[in-house]
Amino acid sequence: MTLRLFNTLSGQLDDVLPADGAVLRMYACGPTVYDYGHIGNFRTFLQVDLLRRALQLFGVPVRHVMNITDVDDKIIRNAAAAGLSIAEYTPKFEQAFLDDLDSLAVQRPEVLTRATQHIPQMVHLVERLAAKEAAYRTDDGNWYFRLRAFPDYGKLSKKDLEGMTDGARVDVDEYERDSARDFALWKSTRSGETGWETAIGRGRPGWHLECSAMAMEYLGESFDLHAGGEDLMFPHHENEIAQSESATGKTFARHWFHVRFLLVNGRKMSKSEGNFFTLRDLLLRGYKASSIRLALLSVPYRHQLNFTFDGLIEATSAIDRLRTFAARLRAALLEPGSTAKGLDTATRARQEFLAALANDLNTAEARAPIFELVRQGNIALDAGLLRSDDRDAMLRTLDAFDSVFAVIADHDAAPTRAAVEWARTNGRLDEVAPELLAASTLTDAEIDARVEERNLARRQRNFRRADQIRDELANLGILLEDSRDGIRWKRK
RNA sequence: GGCGCGGUACCCAAGUGGUAAGGGAGAGGUCUGCAAAACCUUUAUGCGUCGGUUCGAUCCCGACCCGCGCCUCCA
């Protein structure tokens, strides 16, 4: 099956296939590590993760490069305020970012690159552009890209340069540039300020330059796909195209993938608006990592997603249903063999799931056949009609689903525990949901012992005592389920 | 002002020129010591409004209303 994906550049659905017939080379703009990321940021990284997982499911090997921007104005400002160099300031937030990716089950890119470790490549790119008269240096030492040198400018964001000249928001009076729209490639700095001594002078790279230089370093001058949030389309990605294609004369990225924004209360979630949640905020309130992952993945990437706590609760319930079914399938004692209906149910669900994903990563549509499978599977189990090969086929379909959505396999304990630990060491225990703190004090063995104690009471038909234990555990966030196959418990 | 996206049941949300997937929540029932889980039934003559095209439109066209994003650092 071939993935068809909306391409911002072509304005239509295009097949996503490796140009070299072997590995799909993709670049995704990563974070600027000046603070903890908010879940709006993570929506984009989750959708990129979904993309790479879907490609792998379709049998397309992926080489995925992500940058870490570890030098920029905000980093320099925050580091200075903390009395640190940027090299001392950024590692904490880079690590937090990587930890958050792990919590959300986001696969690591094949290559993670830091801007500060690629200064020579950036300088070289400026030199190439200068040689073609596409870059120029002003008297203050800054380097700019000459927009007139790239007639295709605007082809990604469909903006007409002529039509947007000198709007109110352009810094018309910015000194010495040939044109107000020319963008900075390299910013000169004085000694004492953050900067590097290079052949093009002392300074630091502009943001756009970083991505072009690193993408080309690891993926070549022309590659398959470039991803990022919708806000990066203009000017960031437009500028990447301009400087890269001016230097190489080749198409930079063939396919551009843009993820639309996460809203909260109908407004864009952003640092500057102050209306944001970090992943840790939500974990400490007692929401599970898997719930957050599913909630941010279930609305297709090309639609805005309005974040709500109801949405998280809904995702939690949906995941419970999937996990309960998977556990029930695995535990069921079944006759060997298969049934036509059972196999057909499993196969059709898988096909419909794959078709929905292949259709521009339609995650909402992709969920439906999986839940239909759950229903049909439960009915067959209730009726005692399921055979072991049916079960195996159904489990394979669930595995395919989970290789992309990654929410059925339960890895929720570790992120929550880590978040609580983080709150403890950062003096933020008051933000932790009470039942989370309580539950975190109970080990699995202690819970098992309490469950056994209740079981004994039940066998003695001492239901008062049994219910009392169940209530106590419930107050600690532990839910019990009595089933024919025994007692299951789970952390809320 | 320019460019773009969206308005589908209580909530989230898919979708198609031929009569509305899925999830959550709610209600009733089966099962259970009671719960929980699971299953069954149930919840839009209706898809922002008004016109038009069509045998037929939620889906196509036009106008309008409302919401959001980008045009500036930003996932």
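Given the structure is predicted, the values throughout are model-derived calculations rather than measurements. Lettering follows sequence order; numbering is per chain, from 1.
With C1' as the reference atom, B/A13 and B/G6 are 13 Å apart, rounded to whole Å. B/A21 and B/G28 have their P atoms separated by 25 Å, with the value rounded to a whole Å. Atom name P, nucleotides B/A9 and B/C59: the rounded distance is 15 Å, in whole Å. Taking the P atom of each, B/U58 and B/G46 are spaced 10 Å apart, rounded to whole Å. Taking the P atoms as reference points, B/A14 lies 29 Å from B/G1, given to the whole Å.
Applying the ring pair (Phe, Tyr, Trp, His ring centres under 6.0 Å) test to A/His208 and every residue at least two apart in sequence or in another chain returns A/Phe183, A/His236. Contacts of A/Phe93 classified as ring pair (Phe, Tyr, Trp, His ring centres under 6.0 Å), with partners at least two apart in sequence or in another chain: A/Tyr36, A/Tyr89. Listed by chain and residue number, A/Leu456 satisfy the side-chain contact (heavy atoms from CB on, under 4.5 Å) test with A/Gln460 (two or more places apart in sequence, or in another chain). Applying the ring pair (Phe, Tyr, Trp, His ring centres under 6.0 Å) rule to A/Phe405 yields the partners A/Phe401; only residues at least two apart in sequence or on another chain are considered.
The shortest distance between the side-chain N/O atoms of A/Ser317 and the OP1/OP2 oxygens of B/A25 is below 4.0 Å. Listed pair A/Asn306 / B/C12 fails the phosphate criterion, with no side-chain N or O lying under 4.0 Å from OP1 or OP2. In this structure, A/Arg267 reaches the B/C68 phosphate: one of its side-chain N or O atoms is under 4.0 Å from OP1 or OP2.
Side-chain contact check for A/Asp482 versus A/Arg454: some heavy-atom pair is nearer than 4.5 Å. Side chains of A/Ile241 and A/Phe150 form a contact here, defined as non-hydrogen atoms less than 4.5 Å apart.
Contacts of A/Ala364 with the nucleic acid, taken as non-hydrogen atoms under 4.0 Å apart, include base atoms. Across all strands, A/Glu230 comes closer than 4.0 Å only to sugar-phosphate atoms, never to a base (heavy-atom distances). Residue-level contact check: A/Val48 touches neither bases nor backbone, having no heavy atom under 4.0 Å from any strand. Among the heavy atoms of the strands, none lies under 4.0 Å from A/Met233. If you check every strand for non-hydrogen atoms under 4.0 Å, A/Leu381 touches nothing. Among the atoms of the strands shown, none is found under 4.0 Å from any heavy atom of A/Pro369. Across all strands shown, A/Gly40 has heavy atoms under 4.0 Å from base atoms, whether or not it also approaches the sugar-phosphate.
Note on ring orientation: taking the six-membered ring where Trp is involved, the planes of A/Tyr27 and A/His226 are tilted (angle from 30° to 60°).
Contact of A/Lys268 with B/C68 (side chain to base): no donor-acceptor pair of N or O atoms is detected under 3.5 Å.
A/Phe309 places its CZ atom 16 Å from the C1' atom of B/C12, with the value rounded to the nearest Å.
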Under-3.5 Å N/O pairs linking protein and nucleotides 5-11 of chain B:
from, atom 1, to, atom 2, distance (Å)
B/C5, O2', A/Arg260, NH1, 2.8

For this session: Both distances under 3.5 Å, Watson-Crick or G-U wobble: on that basis, could you give the dot-bracket string for RNA chain B, with [ ] for crossing pairs and | for other-strand partners?
Result: (((((((..(((.....[...)))((((((.......))))))....(((((..]....))))))))))))....
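A salt bridge (Lys or Arg N to Asp or Glu O under 4.0 Å) check over residues 32-41 of chain A, counting only residues at least two apart or in different chains, returns nothing. The ring pair (Phe, Tyr, Trp, His ring centres under 6.0 Å) analysis of residues 361-380 of chain A, with sequence neighbours excluded, yields no pairs. Pairs engaging residues 395-404 of chain A under the side chain to side chain donor-acceptor pair (under 3.5 Å) rule: none recorded [sequence neighbours left out]. Note on residues 226-239 of chain A: pairs passing salt bridge (Lys or Arg N to Asp or Glu O under 4.0 Å), not counting sequence neighbours, are A/Glu230-A/Arg260.
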Using residues 274-283 of chain A as the side-chain source, report each donor-acceptor pair under 3.5 Å to any protein atom, sequence neighbours left out, with the distance given to one decimal.
from, atom 1, to, atom 2, distance (Å)
A/Asn275, OD1, A/Ser270, N, 3.1
A/Asn275, ND2, A/Lys268, O, 2.9
A/Thr278, OG1, A/Arg280, N, 3.4
A/Thr278, OG1, A/Asp281, N, 3.1
A/Thr278, OG1, A/Asp281, OD1, 3.3
A/Thr278, OG1, A/Asp281, OD2, 3.2
A/Arg280, NE, A/Asp100, OD1, 3.3
A/Arg280, NH2, A/Ala96, O, 3.3
A/Arg280, NH2, A/Asp100, OD1, 3.1
A/Asp281, OD1, A/Arg428, NH2, 3.4
A/Asp281, OD2, A/Thr278, N, 2.9

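Place A/Lys158 and A/Gly266 on RNA chain B by their nearest nucleotides, and A/Lys158 ends up nearer the 5' end.
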Exercise. With the sugar-phosphate defined as primed atoms, P, OP1 and OP2, and the base as all remaining atoms, what B/S/- string results for nucleotides 31-39 of chain B, 5' to 3', for protein heavy atoms under 4.0 Å?
Worked result: --BBBBSSS
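Atom NZ of A/Lys341 sits in a sparse spot, with 12 or fewer heavy atoms from other residues, nucleotides or ligands closer than 6.0 Å.
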